[in-house]
Amino acid sequence: LFPGVAGGPNWVKAVSSALPFLSINPTSGVDLDNAGEYLKNGAASVGLVAPLFDQEAIAQGDFDRIAKNAEKVMANVRTVGPYVRK
């Protein structure tokens, strides 16, 4: 969903509970810390670019920071497990 989900993970939970045939894939509003919450609450997937690819890190060639961001978000979503359609 773009431009984002105004109600965040709770909105995803409400909509996916009422309309389980939808595959909700939020993009904006998702960050390194809440990506797992979106998945836990029924999102089929999430998309995030800006939080992962920090512009300052790119400008400085700090690819270690980008890798750490990726590790953080992956650890966050890994706890949720694979998506299972209802």
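Residue numbers start at 1 and run along the sequence shown.
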Atom CD1 in I24, atom OG in S45: separation rounded to 0.5 Å?
10.5 Å

What pair of heavy atoms forms the shortest contact from P26 to V12, and how long is it?
CG-CG2, 4.4 Å

Do you know the tightest heavy-atom contact between Y38 and G8?
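Result for this residue pair: OH-CA, 3.4 Å.
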
Given the rule that I, L, V, M, F, W and Y join up when any side-chain heavy atoms are under 4.5 Å apart, are Y83 and M74 in one cluster?
no

Heavy-atom side-chain contact between K72 and D33 under 4.5 Å
yes

Report the residues that fulfil side-chain hydrogen bond (donor to acceptor under 3.5 Å, both in side chains) with K68, sequence neighbours left out, ordered by chain and then residue number.
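side-chain hydrogen bond (donor to acceptor under 3.5 Å, both in side chains) check on K68 returns nothing, list empty.
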
Is it true that a side-chain atom of N34 and a backbone atom of D31 form a donor plus acceptor pair closer than 3.5 Å?
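Yes.
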
N76 side-chain N/O to L32 backbone N/O, donor-acceptor pair under 3.5 Å:
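Checking the backbone N and O of L32 against the side chain of N76, a donor-acceptor pair under 3.5 Å is found.
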
Selection residues 43-54 - residue pairs positive for salt bridge (charged side-chain N to carboxylate O under 4.0 Å, His left out), sequence neighbours left out
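As it turns out, the salt bridge (charged side-chain N to carboxylate O under 4.0 Å, His left out) pairs with a partner in residues 43-54, which skip direct neighbours, are D54-R65.
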
So among L48, I58, N69, which one has a side-chain contact (heavy atoms from CB on, under 4.5 Å) with F53?
I58

